[in-house]
Every structure is written in C-alpha cells, then in structure tokens.
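Let me begin by presenting the structure, written as structure tokens, before commenting on it.
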Amino acid sequence: MEYFAFQWHITDSCDQRCEHCYIFAGGHPRLVEMPYDRAQQVVNNCVEMCRRMKRLPYFYITGGDPILHSRFWDILALLKNRDIPFTILGNPFHLTDEVCIRLKAYGCDKYQLSINGMRETHDAIRKPGSFDTTVEKIAVMRRAGIRCAVMTTVSGTNIREIPDIIDLVVAHHVDIFAFGRYCPTSFEKSTHIEPLEYRDFLERIWQKFEQYKDCGTTFNLKDHLWTLFLYEKGLFKIPDGLDDDTVYDGCHCGDCHMTILPTGGVMACRRFESPVGNIFHEHIYDIYHGQKMDAYRQYEKFEKCARCELLRFCRGCPSVAYGYTHNFYAPDPQCWKEIK
C-alpha cells in the first residue's frame, strides 16, 4: 500500500527569518498556531481520507518551527497512538540529546535540517550562528537514532557552494541529502539560474554523487529535472507498455501530496499560492477530489511539458514556473530541453 504525504504546518512561530521564507515574504504576518482540538480533527480527517483511498498516511510536521507549538508533544502523541510515521522539518536551535531521545520515543522517523550555503552564505540567509548550530545538531540526532536529512534551496546566490555542502554532509554522516530550487516571488536576477547553467550544475553534482556513492549518504534526486538529465545520459528509459493516460512520476502536486496550514487552509503545494479548501470546514477527501484540486491535474495544459515525451515522468517544477510567471502551466525556467 502506498503512502499519501501531508505537509502539516502546525505553527507559524519561528526564531529565524530566512530570505526565501514564504510565511514572512509579505513582511510581518500575524503568526497562527493550530489549536490542539483542531489538530485532532486534522489527524482523524487525514486517516479517514487514506482509508477511503487505500493509502497510508505520512506526515511531514513543520511550521515555522514545529517544536515551538505550545502542544507539540501532544500532537506527536496523536500520531504515535495511531502508529503513523512522520518526519519533522524544523530548526536546530532547540535540539538537545534529551529532546532527540524523546522525539525518537514518539516515533520520529527522521528530522530534516536546512543548509543553504557554507557558513557566511547560510548565516546571511538565515541568522548568525545558524550554520554552526545546524552542523553541531547532526550528531545529536544521530546519537538518538533519528535519521538526519539535509535540504538545500539552490539559487544563483549559492549554486557554486553546493559541492562544498555535499562534502560537508558526507563528512558528518548525514543520512539523506537533497536540494530543490528557489521559488522567486518576482524575477530576481541575483537568484536566477539560466537553463544551460543549471544543466551544467547537475552534471557537476552528478559526478559528486558518483564520487560518494558508497559513503552511506543517500542522495535524493528531488528536483524533477534530474529525470531529464538522466534521460539524456541514457540512465533513465521510458518503460514500454505503459498507459498513455497515467502519470507515473514527477511533480507530486495534485497527486500524492497536500499541505495543511495552521489556519486549516489546504494547499496543493506550499511553494506557491495554491489554496484548494479548508480542512476545518470540509473533509480533505472531498478537497482532494474537488474541482480546485483537479485544476492541478490538467496535464494537457502544460505549455511545454505537454509536448514532451517525459510529461508523465517529469514536468519540472511548476511552483518555480509560477514564481516567475504566476502561471502554473508555464515552462520550467531552468528546463533546457528544446521542444519543437
């Protein structure tokens, strides 16, 4: 039975103000914390949806920094009592040996930290001291038996530092490393990456991954343009005998992933404005099968991808396309493939 992923933002509270954060992108919003009784409702709602769809629920608990929720441990208990696996996407600042041991006891599968450059770049994006604290806490969670994942947001600002980040995570025995691209809110020249520049970047990173293929760190090819890259290298082949109307891989928006906000708002993807309903007032099963969500499954509308043989396996990152154009179906701005 396959999993259905819920990215669950339980609070907006955070002790960082990252440059790329969508919560604080508009200035100083009113910070919301999901009430505990509503959190109970969310878990029940999502479990029922998965039962009806014959899927298993998986939660990515995040925020803000989820550990700042006033009833953080009670919310984890809701999942533990149902044997629901979860990952936490959070900050490093409140992680101690005692906290990580407790997280493990509550069933935390892995904890994802962010490293967005080497020390100077990372701290400029997040806050002074963040880089050293993040690196320090990798060992703390590993001592507790929690798998450590490191996620990097790639942009023109830090693209040259990614190989050094890979060396760093391997040296500290990080379990999983992945990166995604920055979603701009306007055409920001300082963060922009040209398509062929991005393709060359993937080539350099692939060589780095090959160098470390036996190191124990799993390199998650999160960005869907990896599919195009591997296809061109002959390392990914389109299987024969597939259903022409089935989407097999690529962007999960509209497929096997939804985001739940502290307000109860449900989004098709948190990386761009994609509201599809409110779990406090609707069943999430109905939201998933509703007209608003279905708009993100109109694959024939993709302006470039619909004419590509990789449509059912890639589609790039529509959220990045939206960030540049406010059009979900626009071509991925880093896709280098020429479509006639």
Side-chain angles (χ1 to χ4, degrees), residues 2-7 53-55 153-154 178-184 187 192-203 205-206 209 219-259 266-276 287-340:
E2 295 182 354
Y3 283 104
F4 192 100
F6 301 97
Q7 183 173 323
M53 293 176 60
K54 295 181 172 56
R55 305 285 281 273
T153 300
V154 177
F179 61 81
R181 281 172 287 145
Y182 174 56
C183 288
F187 188 77
H192 177 63
I193 305 170
E194 292 293 335
L196 291 179
E197 178 189 5
Y198 192 66
R199 199 262 176 224
D200 291 342
F201 163 73
L202 292 183
E203 179 64 55
I205 297 304
W206 180 253
F209 288 172
F219 299 109
N220 184 350
L221 306 185
K222 181 179 176 67
D223 190 328
H224 304 301
L225 287 182
W226 276 116
T227 302
L228 171 58
F229 175 83
L230 296 175
Y231 179 69
E232 291 184 344
K233 291 180 75 72
L235 298 174
F236 170 78
K237 298 184 184 299
I238 300 173
D240 295 327
L242 298 182
D243 184 347
D244 291 340
D245 296 324
T246 300
V247 169
Y248 294 94
D249 205 348
C251 173
H252 296 318
C253 186
D255 180 18
C256 58
H257 177 96
M258 299 173 81
T259 295
V266 178
M267 302 185 82
C269 174
R270 187 61 184 98
R271 285 162 60 81
F272 71 105
E273 286 299 317
S274 54
V276 291
I287 296 174
Y288 177 77
H289 289 92
Q291 187 174 10
K292 289 182 179 179
M293 190 70 167
D294 194 51
Y296 300 102
R297 296 187 280 256
Q298 305 300 311
Y299 304 112
E300 72 281 358
K301 291 184 179 180
F302 282 90
E303 295 173 3
K304 181 178 179 181
C305 300
R307 296 179 286 119
C308 177
E309 67 270 29
L310 295 175
L311 171 67
R312 294 171 294 151
F313 303 92
C314 177
R315 299 180 302 289
C317 185
S319 62
V320 174
Y322 184 92
Y324 278 81
T325 66
H326 283 219
N327 175 10
F328 179 77
Y329 305 109
D332 185 310
Q334 274 79 49
C335 178
W336 62 87
K337 193 173 192 298
E338 294 186 8
I339 305 291
K340 295 181 180 179

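Keep in mind that this is a model prediction, so the values were computed, not measured.
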Show the nearest heavy-atom pair for residues [X] and [Y], with the distance to one decimal.
| X | Y | result |
| --- | --- | --- |
| Cys251 | Gly316 | CB-O, 4.1 Å |
| Ala268 | Val276 | N-CG2, 4.1 Å |
| Ala306 | Glu300 | CB-O, 3.6 Å |
| Pro195 | Pro333 | CG-O, 3.4 Å |
| Tyr324 | Ile193 | OH-N, 4.3 Å |
| Met267 | Glu273 | CE-CA, 3.6 Å |

Heavy atoms, side chains only, cut-off 4.5 Å: are [X] and [Y] in contact?
| X | Y | result |
| --- | --- | --- |
| Leu202 | Asp223 | no |
| Thr259 | Val266 | no |
| Tyr329 | Gln298 | yes |
| Lys337 | Cys308 | yes |

Take Cys256 and Glu2, measure what side chain to side chain contact (heavy atoms under 4.5 Å, CB included) needs, and give me the verdict at the end.
CA-CA 9 Å; Cys256 58; Glu2 295 182 354; over 6 Å; no
Would you say the ring centroid of [X] lies under 6.0 angstrom from that of [Y]?
| X | Y | result |
| --- | --- | --- |
| Trp226 | Phe209 | yes |
| Phe201 | Phe179 | yes |
| Phe328 | Phe272 | yes |
| Tyr231 | Phe229 | no |

When you measure from the side chain of [X] to the backbone N and O of [Y], does any donor-acceptor pair fall under 3.5 Å?
| X | Y | value |
| --- | --- | --- |
| Arg55 | Tyr3 | yes |
| Asn220 | Ala178 | no |
| Thr325 | Ala330 | no |

Of all residues at least two apart in sequence or in a different chain, which pass the salt bridge (Lys or Arg N to Asp or Glu O under 4.0 Å) check with Arg199?
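Partners of Arg199 by the salt bridge (Lys or Arg N to Asp or Glu O under 4.0 Å) criterion, ordered by chain and then number, come out as Glu203, Glu232.
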To the nearest 0.5 Å, tell me how far [X] [atom1] sits from [Y] [atom2].
| X | Y | atom1 | atom2 | answer |
| --- | --- | --- | --- | --- |
| Asn327 | Tyr322 | CG | OH | 9.0 Å |
| Tyr182 | Arg271 | OH | CZ | 10.5 Å |
| Met293 | Cys253 | CE | SG | 6.0 Å |
| Leu225 | Cys317 | CG | SG | 8.5 Å |
| Phe313 | His224 | CZ | NE2 | 13.5 Å |
| Tyr299 | Leu311 | OH | CG | 8.5 Å |

Salt bridge (Lys or Arg N to Asp or Glu O under 4.0 Å) for Lys304 and Glu338? Distances and angles first, verdict last.
CA-CA 9 Å; Lys304 181 178 179 181; Glu338 294 186 8; over 6 Å; no
Run the side chain to side chain contact (heavy atoms under 4.5 Å, CB included) check on His252 and Met258 step by step: do they pass?
CA-CA 9 Å; His252 296 318; Met258 299 173 81; over 6 Å; no
Could you walk me through whether Phe236 and Leu310 pass the side chain to side chain contact (heavy atoms under 4.5 Å, CB included) test, one step at a time?
CA-CA 10 Å; Phe236 170 78; Leu310 295 175; 3.9 Å; yes
Are Arg315 and Asp255 close enough for a salt bridge, meaning some N to O gap below 4.0 Å?
no
Could Arg312 and Asp249 be called an ion pair, given the rule that one side-chain N must be under 4.0 Å from one carboxylate O?
no
Those residues at least two apart in sequence (or on a different chain) that pass side-chain contact (heavy atoms from CB on, under 4.5 Å) with Ala5 are Tyr60, His257
Test log, rule side chain to side chain donor-acceptor pair (under 3.5 Å), inputs Tyr288 and Asp294:
CA-CA 8 Å; Tyr288 177 77; Asp294 194 51; over 6 Å; no
Candidate pair Gln334 and Val320, rule side chain to side chain contact (heavy atoms under 4.5 Å, CB included), full reasoning
CA-CA 9 Å; Gln334 274 79 49; Val320 174; 3.7 Å; yes
